[in-house]
Amino acid sequence: MPPRTLDRRRRWRLVLVVALAGAAAWAVGFVRFAADLPTAVERPDRTTDAIVVLTGGSGRLDEGLALLRQGRAQKLLVSGVFRGVEVDELLQLARRGDEALSARVALGHEAGDTEGNARETAEWMVAEGFASLRLVTGAYHMPRSLFEFRRAMPEVDLVAHPVFPPAVRLDAWWRSPGTAGLLATEYSKLLLARTRAAATDLVARVFANEAQARP
């Protein structure tokens, strides 16, 4: 057999081994991710300066407003509200008849993803002079949300407050193709967020070292 054919086969075998190893690592990490998802609200009686609700899932807004009515925070930010869609109308209906509550609710229109939610919230927290917040989002979305929020505002005290949509079957996700697909997508997004953050930090260190080395 010609040497080129042998080399080509070796390269394909190496690619296959690397791909299988990567798939196995992803699968192990995914199972751990699913097993570690929150199953209850963290520190339910804790009062924070703010409540932040991330749009995009059922039950989040109602839970945030209920917490605000209970006096668990001074203000509520709904981050990621798209202009002109029914989230605005829903919020108006939820606040109807309670002007005092309405004055304590703010809408964030700039965020288009979880990283944007974190940046938008960080700016709002600084403007309000707040130092702690209760983060309300879906349990399956909480790990990535906490990662982005802690990265954007490491000095802020974060309290995780997951909600559990009935359609997302975390107790038996492997039996529900819809839930399994949702979790797989969310885990992959978390890996991408971590990779992006690591690359950003690496570039920042390189530039910082170069700046220090200049005479």
Side-chain angles (χ1 to χ4, degrees), residues 14-38 42 50-57 60 77-83 85 87 107-127 130-163 165 168 170 173 178-214:
L14 178 60
V15 169
L16 180 61
V17 169
V18 171
L20 290 174
W26 184 94
V28 171
F30 170 65
V31 172
R32 292 181 61 182
F33 167 82
D36 291 340
L37 288 173
E42 178 183 324
I51 299 166
V52 177
V53 173
L54 306 187
T55 59
R60 302 178 187 182
L77 171 67
V78 185
S79 177
V81 178
F82 293 102
R83 299 182 187 276
V85 297
V87 177
L107 302 182
H109 293 281
E110 302 304 322
D113 54 22
T114 307
E115 183 185 10
N117 291 140
R119 289 197 304 267
E120 182 173 67
T121 300
E123 293 173 1
W124 182 75
M125 292 286 288
V126 171
F130 291 155
S132 61
L133 70 86
R134 181 174 292 274
L135 180 59
V136 180
T137 190
Y140 64 90
H141 185 231
M142 188 59 75
R144 184 160 59 99
S145 300
L146 289 175
F147 174 80
E148 297 287 12
F149 272 62
R150 285 170 176 157
R151 181 171 172 79
M153 44 190 132
E155 73 287 351
V156 170
D157 182 14
L158 284 170
V159 177
H161 192 106
V163 297
V168 182
L170 296 182
W173 59 266
T179 298
L182 175 65
L183 297 187
T185 299
E186 191 59 37
Y187 175 61
S188 297
K189 288 182 177 180
L190 176 60
L191 292 181
L192 287 174
R194 289 174 173 170
T195 301
R196 184 199 68 242
T200 301
D201 291 344
L202 177 61
V203 170
R205 285 196 297 269
V206 168
F207 278 105
N209 291 337
E210 289 182 353
Q212 291 177 355
R214 292 172 185 169

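We use all heavy atoms of the structure for the numbers below, so side chains are in, but hydrogens, waters and symmetry mates are not.
Considering all non-hydrogen atoms of both residues, Val52 and Ser79 come closest at CG1-CB, 4.5 Å. Here the closest heavy-atom approach between residue Pro154 and residue Ala152 is recorded as CD-C, 3.7 Å. The two residues Phe147 and Ala193 make their nearest non-hydrogen contact at CE2-O, 3.7 Å. Among all heavy-atom pairs drawn from Gly80 and Thr55, the shortest one is O-OG1, 2.8 Å.
Expressed to the nearest 0.5 Å, how far CG of Leu16 lies from CG of Leu20 amounts to 4.5 Å. Atoms NE2 and CG, on His141 and Leu190 in that order, are 10.0 Å from each other to the nearest 0.5 Å. Rounded to the nearest 0.5 angstrom, Met125 CE and Leu77 CG are separated by 9.5 Å. How far CG of Leu146 is from CG of Leu158: 6.5 Å, rounded to the nearest 0.5 Å.
No side-chain donor-acceptor contact under 3.5 Å links Thr137 to the backbone of Leu54. The backbone N or O of Val159 lies less than 3.5 Å from no partner atom in the side chain of Arg134, so there is not a single donor-acceptor pair.
Using a 4.0 Å cut-off between charged nitrogen and carboxylate oxygen, Glu148 and Arg196 count as a salt-bridge pair. The pair Asp201-Arg151 counts as a salt bridge, with a side-chain nitrogen and a carboxylate oxygen less than 4.0 angstrom apart.
The shortest distance between side-chain heavy atoms of Phe130 and Val156 does not fall below 4.5 Å. Using a 4.5 Å cut-off on side-chain heavy atoms (C-beta onward), Glu42 and Met142 make no contact. Leu133 places a side-chain heavy atom less than 4.5 Å from the side chain of Met153. For the pair Leu170 and Leu183, the minimum side-chain heavy-atom distance is below 4.5 Å. Side-chain atoms of Pro143 and Leu37, non-hydrogen and from C-beta on, do get closer than 4.5 Å to each other.
Exactly one of Tyr140, Tyr187, Phe30 qualifies for a ring-ring contact (aromatic ring centres under 6.0 Å, His included) with Trp173. That residue is Phe30.
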